[in-house]
**Q** 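Have a look at this one.
This structure is a prediction, so every number in the text was calculated from the model and none was measured.
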Amino acid sequence: MAQTLVTDCCIAGGGPAGMMCGYILARAGLKVSVLEKHEDFFRDFRGDTVHPSTMEVLSELGLLEDFLKRPHNAFLQLSALIGDTTVKVADFRHLPTKAKFMAVMPQWDFLNFLKEAGGRYPNLDVRMRCEAIDLIERDGRVVGVRAKGPDGDLDIEAKLVIAADGRSSVLRAKGGLRSVDLGAPIDVLWMRLPRKPEDTVVPLGRAGPGHFMIMIERGDYFQCAYVTPKGGFDAIKAGGLDAFRARIVEAAPFTKDRVQALKTWDDIKLLTVAVDRLTKWWKPGLLCIGDAAHAMSPVGGVGINLAIQDAVAAANILAGPLKQGPVANAPLAAVQARRQGPVKAMQAIQVAIQNEVLTPLLAAKGPIKVPWPAKLLNAIPLLRQIPARVVGMGFRMEHVAPSLRANKAS
């Protein structure tokens, strides 16, 4: 028979949304169980950008100083190479935030940081190798989660279940919640390439006829994202690894002496891009947040930060009701009402860039021209604050409620 555990809130998924929401609710004095199906957070080729909006949350929680002691890269500005022209895209230095830069840190380091910070709260139970596999429902309401852990089956009864288990959310499917597919004409190939000390200033993005690649500095290597048309990986593999290495060199000629680091296709990981969102994020006793509620394109690298904003909004709205008992429908609807507007706005921008910029770029055969908006960004520095604000802060930057900031670990 399954073991039984009783808690105030059970969160499926130990990603950014689940860990942040669990941490804040635990600070509020609630008993929280976070279920993470893997034995650790180490999954390469995940979102590494920690934007000013997320660092503002960390500041409000009193965690920013310790967070910035972790190894990271700080980007005050972002640039891209379009053809042979360097375009200055975004300038974070003027944002009204504590951190006026974008930090790049491996996501496993960020999640381990949140887990360690949560270790000060005995009421926060982070269970590794514990996978949520089903919902427990009673009288038309979700009342818990059925999970598989290292010690066998586990039934977790909770006043509220939060599904933060990603774009392939098991609990979203079990709850019968429906999504709208907004379309994604691209996929992304992730890989590592060695970085040398003389690689001082490297544009984040590289655009040319038939290619677009992102290169993120990570100490002694670059994490690279090579954009392909949807379903194009099979054709690339059929062309052979040498031909793919040549594509990388075409996009970034300075990598010619290091693309041999891609020894087999196992060194290249496919991210199948999806952009969707639920029409309804909740049902009685269940709320979806982060990618479980809205899968984001990698365009802009904003997925982790929108997930964090969802987590903050959910904790702000739900901490009080959770202390009173099972959460009614109105607070769950309030979370969706607060967050779906910013999500829709960001997804609209992502879809437009996918369709109007990346798709024509990948189909281009001859030299490409620098578009006039990029020319304006280069000519008028003040304009760079606009993309910095959209990417760095989003359309509604959430703040931790003062009452939740005040609580400290005993």
**Q** Under 4.0 Å between a Lys/Arg side-chain N and an Asp/Glu carboxylate O for Glu36 and Arg129?
**A**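 Salt bridge absent between Glu36 and Arg129.
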**Q** Taking all heavy atoms of Leu114 and all of Tyr23, pick out the closest pair and write down the distance.
**A**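 Scanning both residues completely, I find the closest heavy atoms to be O-CD1, 4.4 Å.
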**Q** Are any side-chain N or O atoms of Asp187 and backbone N or O atoms of Val273, one a donor and one an acceptor, separated by less than 3.5 Å?
**A**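 Checked: pair present.
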**Q** So, taking the atom named CG in Leu182 and the one named NZ in Lys344, what distance separates them when rounded to the nearest 0.5 Å?
**A**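 Result: 10.0 Å between the selected atoms.
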**Q** Thinking salt bridges, do Lys69 and Asp66 make one under a 4.0 Å N-O criterion?
**A**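 Looking at Lys69 and Asp66, the cut-off is met.
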**Q** So how far is it from Arg27 CZ to Arg405 CZ, rounded to the nearest 0.5 Å?
**A**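 If we round to the nearest 0.5 Å, Arg27:CZ and Arg405:CZ are 10.0 Å apart.
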**Q** Using modelled atom types only, decide if a donor and an acceptor are shared between the side chain of Lys283 and the backbone of Gly175 within a distance under 3.5 Å.
**A**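 Yes.
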**Q** So that I can tick it off, tell me whether Arg245 and Glu250 are bridged by a salt bridge, with the cut-off set at under 4.0 angstrom between side-chain N and carboxylate O.
**A**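 No.
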**Q** With a 4.0 Å cut-off on N to O distance, would you call Asp220 and Arg195 a salt bridge?
**A**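 Result for this pair is no, no salt bridge flagged.
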**Q** For the residue pair Gln354 and Ser297, confirm or rule out a side-chain donor-acceptor distance under 3.5 Å.
**A**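 Per modelled atom types, Gln354 and Ser297 side chains form a pair under 3.5 Å.
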**Q** Does the side chain to side chain contact (heavy atoms under 4.5 Å, CB included) test come out yes or no for Leu58 and Met20, once each step is laid out?
**A** CA-CA 10 Å; Leu58 294 175; Met20 180 61 78; 4.0 Å; yes
**Q** Looking at every heavy atom in both Ile136 and Val145, which two are closest together, and how far apart are they?
**A**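 Shortest heavy-atom separation between Ile136 and Val145 comes out as CD1-O, 3.5 Å.
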**Q** State, with a plain yes or no, whether a side-chain heavy atom of Trp281 is found less than 4.5 Å away from one of Arg339.
**A**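 The answer is yes, as the side chains (C-beta and beyond) meet within the 4.5 Å cut-off.
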**Q** Can you tell me if CD on Glu65 sees more than 12 non-hydrogen neighbours from other groups inside 6.0 Å?
**A**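 No - once you tally the heavy atoms of other residues, nucleotides and ligands closer than 6.0 Å, there are 12 at most.
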**Q** What is the minimum heavy-atom distance between Pro185 and Thr359, and which atoms define it?
**A**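 Heavy-atom minimum between the residues: CG-OG1, 3.4 Å.
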**Q** Between Tyr226 and Arg206, does any side-chain donor sit less than 3.5 Å from a side-chain acceptor?
**A**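 Side chains of Tyr226 and Arg206: no pair found under 3.5 Å.
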**Q** Quick check: are there more than 12 heavy atoms from other residues, nucleotides or ligands sitting under 6.0 Å from NZ of Lys88?
**A**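 No, not enclosed.
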**Q** Between the side chain of Arg277 and the main-chain N/O of Asp181, is any donor-acceptor distance below 3.5 Å?
**A**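 No; zero donor-acceptor contacts below 3.5 Å.
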**Q** Under the criterion side chain to side chain contact (heavy atoms under 4.5 Å, CB included), I'd like the reasoning laid out for Leu5 against Glu157: C-alpha separation, chi angles, the key distance, then a yes or no.
**A** CA-CA 6 Å; Leu5 174 71; Glu157 297 192 2; over 6 Å; no
**Q** Should Arg93 and Asp91 count as an ion pair when the cut-off is N to O under 4.0 Å?
**A**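 Yes, charged N to carboxylate O under 4.0 Å.
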**Q** Would you indicate whether the side-chain heavy atoms of Leu318 and Leu287 approach each other to under 4.5 Å?
**A**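 Side-chain contact under 4.5 Å: yes.
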**Q** Does the ring of Phe113 carry Lys115 above it, NZ/CZ under 6.0 angstrom from centre and within 45° of its axis?
**A**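 No, a cation-pi geometry is absent between Lys115 and Phe113.
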**Q** For Ser169, does its backbone N or O pair with a side-chain atom of Lys174 as donor and acceptor, under 3.5 Å?
**A**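 Here the side-chain-to-backbone pair does not exist.
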**Q** Using every non-hydrogen atom in the two residues, find where Asp125 and Arg127 come nearest and quote the distance to one decimal.
**A**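 Heavy atoms of Asp125 and Arg127 come nearest at OD2-NE, 2.6 Å.
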**Q** Hey, what do you get for CG (Leu95) to CZ (Phe92), rounding to the nearest 0.5 Å?
**A**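 Rounded to the nearest 0.5 Å, the CG-CZ separation comes to 7.0 Å.
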**Q** Would you say the side chains of Glu60 and His399 form a donor-acceptor pair under 3.5 Å?
**A**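 Yes - a donor-acceptor pair under 3.5 Å links their side chains.
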**Q** Does the side chain to side chain contact (heavy atoms under 4.5 Å, CB included) test come out yes or no for Met55 and Val50, once each step is laid out?
**A** CA-CA 7 Å; Met55 288 185 279; Val50 181; 3.9 Å; yes
**Q** Is the closest basic N to carboxylate O distance between Asp134 and Lys148 below 4.0 Å?
**A**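 Judged by the 4.0 Å cut-off on N to carboxylate O distance, Asp134 and Lys148 do not form a salt bridge.
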**Q** Hey, what do you get for CE (Met296) to CG (Asp291), rounding to the nearest 0.5 Å?
**A**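 Interatomic distance, Met296 CE to Asp291 CG, rounded to 0.5 Å: 8.5 Å.
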**Q** For Phe254 and Val249, run side chain to side chain contact (heavy atoms under 4.5 Å, CB included): C-alpha distance rounded to whole Å, both residues' side-chain angles, the deciding distance at 0.1 Å, then the answer.
**A** CA-CA 7 Å; Phe254 76 95; Val249 173; over 6 Å; no
**Q** With a 4.5 Å cut-off on side-chain heavy atoms, are Cys288 and Leu278 touching?
**A**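 Yes - at least one pair of side-chain heavy atoms lies under 4.5 Å apart.
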**Q** Is Asp8 salt-bridged to Lys31, cutoff N-O under 4.0 Å?
**A**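 The answer is no: the pair does not qualify as a salt bridge.
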**Q** Under the side-chain hydrogen bond (donor to acceptor under 3.5 Å, both in side chains) rule, what do Thr54 and Asn305 come out as? Steps first, then yes or no, please.
**A** CA-CA 6 Å; Thr54 294; Asn305 300 284; 2.6 Å; yes
**Q** Is there side-chain contact between Val327 and Leu322, with heavy atoms separated by less than 4.5 Å?
**A**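 They are in contact (side-chain heavy atoms under 4.5 Å apart), so the answer is yes.
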**Q** Do Thr228 and Val188 have side chains that approach each other closer than 4.5 Å (heavy atoms only, starting at C-beta)?
**A**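 No. Closest side-chain heavy atoms not under 4.5 Å.
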**Q** For Tyr221, does the six-membered ring have the charged nitrogen or CZ of Arg192 within the cation-pi criterion, i.e. under 6.0 angstrom from the centroid and within 45° of the normal?
**A**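 So Arg192 does make the cation-pi contact.
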**Q** Quick one: closest heavy-atom pair of Phe244 and Ile236, and the distance?
**A**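 Between these two residues, the closest heavy atoms are CD1-CG2, 3.5 Å.
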**Q** Any Lys/Arg nitrogen of Glu137 or Arg146 sitting under 4.0 Å from an Asp/Glu carboxylate oxygen of the other?
**A**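 Salt bridge absent between Glu137 and Arg146.
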**Q** Would you say the side chain of His211 lies within less than 4.5 Å of the side chain of Ile248, judging by non-hydrogen atoms?
**A**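 Ile248 does not reach His211 side chain to side chain.
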**Q** Can you check whether Ala117's main-chain N or O pairs, donor with acceptor, with Arg120's side chain at less than 3.5 Å?
**A**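 Yes; judged by distance alone, with no hydrogens or angles, the pair exists.
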**Q** Short question: side chain of Asp109, backbone of Met105 - any donor-acceptor pair under 3.5 Å?
**A**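 No: the side chain of Asp109 does not pair with the backbone of Met105.
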**Q** Flag yes if more than 12 heavy atoms outside Lys98 fall under 6.0 Å of its NZ atom; otherwise flag no.
**A**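 Check fails, neighbour count at 12 or below.
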**Q** If you define the side chain from C-beta out and look only at heavy atoms, does anything of Cys9 sit under 4.5 Å from Leu30?
**A**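 Side-chain contact under 4.5 Å: no.
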**Q** Might you point out which heavy atoms bring Ala374 and Val87 nearest each other, and give the distance in Å?
**A**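 Closest approach of Ala374 to Val87, heavy atoms only: O-CG1, 3.6 Å.
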**Q** Strictly distance-based, threshold 3.5 Å: is any side-chain N or O of Thr49 a donor or acceptor partner for the main-chain N or O of Gly301?
**A**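 Between the backbone of Gly301 and the side chain of Thr49 there is a qualifying donor-acceptor contact (under 3.5 Å).
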**Q** Does Phe110 form a ring pair (Phe, Tyr, Trp, His ring centres under 6.0 Å) with Phe41? I'd like the steps, not just the answer.
**A** CA-CA 9 Å; Phe110 177 62; Phe41 296 120; 10.0 Å; no
**Q** What's the spacing between Ile186 CD1 and Gln350 CD if we round to 0.5 Å?
**A**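 Going from CD1 on Ile186 over to CD on Gln350, the span is 9.0 Å.
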**Q** Got more than 12 heavy atoms from elsewhere within 6.0 Å of NZ, Lys37?
**A**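 Counting neighbours around NZ of Lys37, 12 or fewer heavy atoms of other residues, nucleotides or ligands fall under 6.0 Å, so no.
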**Q** Check for a donor-acceptor pair, side chain of Asp165 on one end and backbone N or O of Gly13 on the other, with a separation under 3.5 Å.
**A**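 Not a single qualifying donor-acceptor pair exists.
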**Q** What distance do Asp40 atom CG and Asn112 atom CG have between them, rounded to the nearest 0.5 Å?
**A**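 Between atom CG of Asp40 and atom CG of Asn112 there are 8.0 Å.
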**Q** Do Gln107 and Ile304 have side chains that approach each other closer than 4.5 Å (heavy atoms only, starting at C-beta)?
**A**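 Answer yes - side chains close enough.
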**Q** Taking the basic N atoms (NZ, or NE/NH1/NH2) and the acidic carboxylate oxygens, is any pair closer than 4.0 Å for Asp234 and Lys237?
**A**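 Salt bridge flag = no for Lys237 with Asp234.
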**Q** Between the main-chain N or O of Ala252 and the side-chain N or O of Thr255, is there a donor-acceptor pair closer than 3.5 Å?
**A**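 Judged by distance alone, yes, a pair lies under 3.5 Å.
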**Q** Under 3.5 Å, side chain of Asn123 to main-chain N/O of Ala26, donor-acceptor pair present?
**A**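 Between the backbone of Ala26 and the side chain of Asn123 there is a qualifying donor-acceptor contact (under 3.5 Å).
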